[in-house]
Protein chains: 2
Amino acid sequence: MANIAKFDRQEVINKATNLYWKKGFHATSMRNLQDEIDMRPGSIYAAFGSKDGLFKETLRNYTDLGIAQLAHYKEQNSSPLEALRAFVKNLVIDSQDNAPNGICMLSKTIGELTEENQELLNVTKAHLAEILQEFVVIIEEAQQKGEIDKHKSAEELANHVQIQIAGLRTFAKINNDKNKLNNLIDDMFTHYPF
Amino acid sequence: MANIAKFDRQEVINKATNLYWKKGFHATSMRNLQDEIDMRPGSIYAAFGSKDGLFKETLRNYTDLGIAQLAHYKEQNSSPLEALRAFVKNLVIDSQDNAPNGICMLSKTIGELTEENQELLNVTKAHLAEILQEFVVIIEEAQQKGEIDKHKSAEELANHVQIQIAGLRTFAKINNDKNKLNNLIDDMFTHYPF
DNA sequence: ATTATACTTGAGCGATCGTTCACGTTGTTC
DNA sequence: GAACAACGTGAACGATCGCTCAAGTATAAT
């Protein structure tokens, strides 16, 4: 017989994601997490195994949320390219105020961790590759619709988008001028290499 | 009377810079630093005051080294624009192997720290602004020499360069294809907005 | 009611954190 | 060579780290 879930696992993971995203892996203590998700150490370790294990689940959650968000913009826009633009603007501009951290949790983790946490690093890289692939798909759709030159490499354009997002989100942390950020993103979609 | 320096302050700061740069602020313990710079806690605290104090000195050191490096490339190139390009290639491509960390120490710190370390965050932002100003100067010199359209805003171009560096260095961490990175940087200098 | 099972609890483990300070050593001064 | 100043030393402080586990509580099955 299935037992009553004593805690809402998804809600716990969401809260843990936000805290890890905000403070980073090393600066987030299990004490901090205990307070944030309102669970005692024993329960946390029974459910997630370790600090690393919980972090890995939050990385998965973060990536799923990002991919779902991109799908959301695709549904709302008939144009794949416009959907991508809206997605990027949301990440770079809106996230500075709404999200736990303006920086991408995956980029931040790539920057923070070393080979001492090789497995978490590998997971993070794999998730970034997943998102890259989503960009490839949406760019190929835009090419099908004639919004982008079909002769251009969708993979290279996707790389370019990911580089711009990483750069812009870092920049936004020191210069949160929304008009400027908006213009930079518009430029990105109206000039080379698009 | 000045006493004999019992330790080489500059060498100690260099070693501390490399460790902080590699591991980040939170993941670097004072024990780690003691081993790396071969000093006992009392001496470190007498010389630098605190973990924060030493970190602040390494940020200053890192920024000075970067500015000196840019000056070096300016001396070696008659063209300011080529000097800037060589500087960027060095940061993005060579640093992946040579340096303690492929990521810029300042960007990494911006990503890692929160308002809990507001002063270190402010120092870091100020240093990024310093480097931005160096880019403005070199771009203005390139405009004087007719290498860049004088009607373009040197400040905006400098911002663009800093954003590209942040994005490319993150990208290089997951895809260290030197040919691709080289092409991306060449594209950056031969297409919009340059 | 009793037993079995599932889940939570929180005191506390050994280790490590950033930091301090009484003390030892070294070099200078008179 | 005695006194002093300057610096380095490392044991050890209280706090916190990630984590464990014996005990407690709640629900389900008999």
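Order of the sequence lines sets the chain letters (A, B, ...), proteins ahead of strands, with each chain counted from 1.
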>> In whole Å, I'd like the distance from the CG atom of B:D38 to the C1' atom of D:dT9.
In response: 12 Å
>> What is the distance, to the nearest angstrom, from the CG atom on A:L33 to the P atom on D:dG18?
In response: 8 Å
> Rounding to a whole Å, what distance do you find between B:F7:CZ and D:dA6:P?
Replying inline: 15 Å
> Listed by chain and number, what are the salt bridge (charged side-chain N to carboxylate O under 4.0 Å, His left out) partners of A:K173, not counting sequence neighbours?
Replying inline: none
>> How many whole angstroms separate atom CG of A:N117 from atom P of D:dG18?
In response: 12 Å
Expected list for residues 137-145 of chain B: side-chain donor-acceptor pairs under 3.5 angstrom, two or more places apart:
residue: B:Q143; atom: NE2; partner: B:D149; partner atom: O; Å: 3.1
residue: B:Q143; atom: NE2; partner: B:K152; partner atom: O; Å: 2.9
residue: B:K145; atom: NZ; partner: B:S78; partner atom: O; Å: 2.9

>> For A:E57, is there an ion pair with A:R9 - N to carboxylate O distance below 4.0 angstrom?
In response: yes
> With sequence neighbours left out, what residues match A:L184 under side-chain contact (heavy atoms from CB on, under 4.5 Å)?
Replying inline: A:L168, A:F171, A:K180, B:I163
>> Side-chain N or O of A:R40 versus OP1/OP2 of C:dT8: is the shortest distance under 4.0 Å?
In response: no
Scan nucleotides 17-24 of chain C against the protein and return all N/O pairs shorter than 3.5 Å with their distances rounded to 0.1 Å.
residue: C:dC17; atom: OP1; partner: B:S29; partner atom: OG; Å: 3.2
residue: C:dG18; atom: OP1; partner: B:T28; partner atom: O; Å: 3.4
residue: C:dG18; atom: OP1; partner: B:K51; partner atom: NZ; Å: 2.8
residue: C:dG18; atom: OP2; partner: B:M30; partner atom: N; Å: 2.6
residue: C:dT19; atom: OP2; partner: B:Y45; partner atom: OH; Å: 2.6
residue: C:dT19; atom: OP2; partner: B:K51; partner atom: N; Å: 2.9
residue: C:dT19; atom: O5'; partner: B:Y45; partner atom: OH; Å: 3.2

> Expressed in angstrom and rounded to an integer, what is the separation of A:F55 atom CZ from D:dC19 atom P?
Replying inline: 14 Å
> Can you check the B:R9 CZ to D:dC7 P distance for me, whole Å?
Replying inline: 11 Å
> In chain order, what residues pass the salt bridge (charged side-chain N to carboxylate O under 4.0 Å, His left out) check against A:K89, with sequence neighbours excluded?
Replying inline: A:D186
>> Tell me every residue that passes side-chain contact (heavy atoms from CB on, under 4.5 Å) with A:N183, counting only those two or more places apart in sequence or in another chain.
In response: none
> What is the distance from CG of B:D35 to P of D:dG10, rounded to the nearest Å?
Replying inline: 13 Å
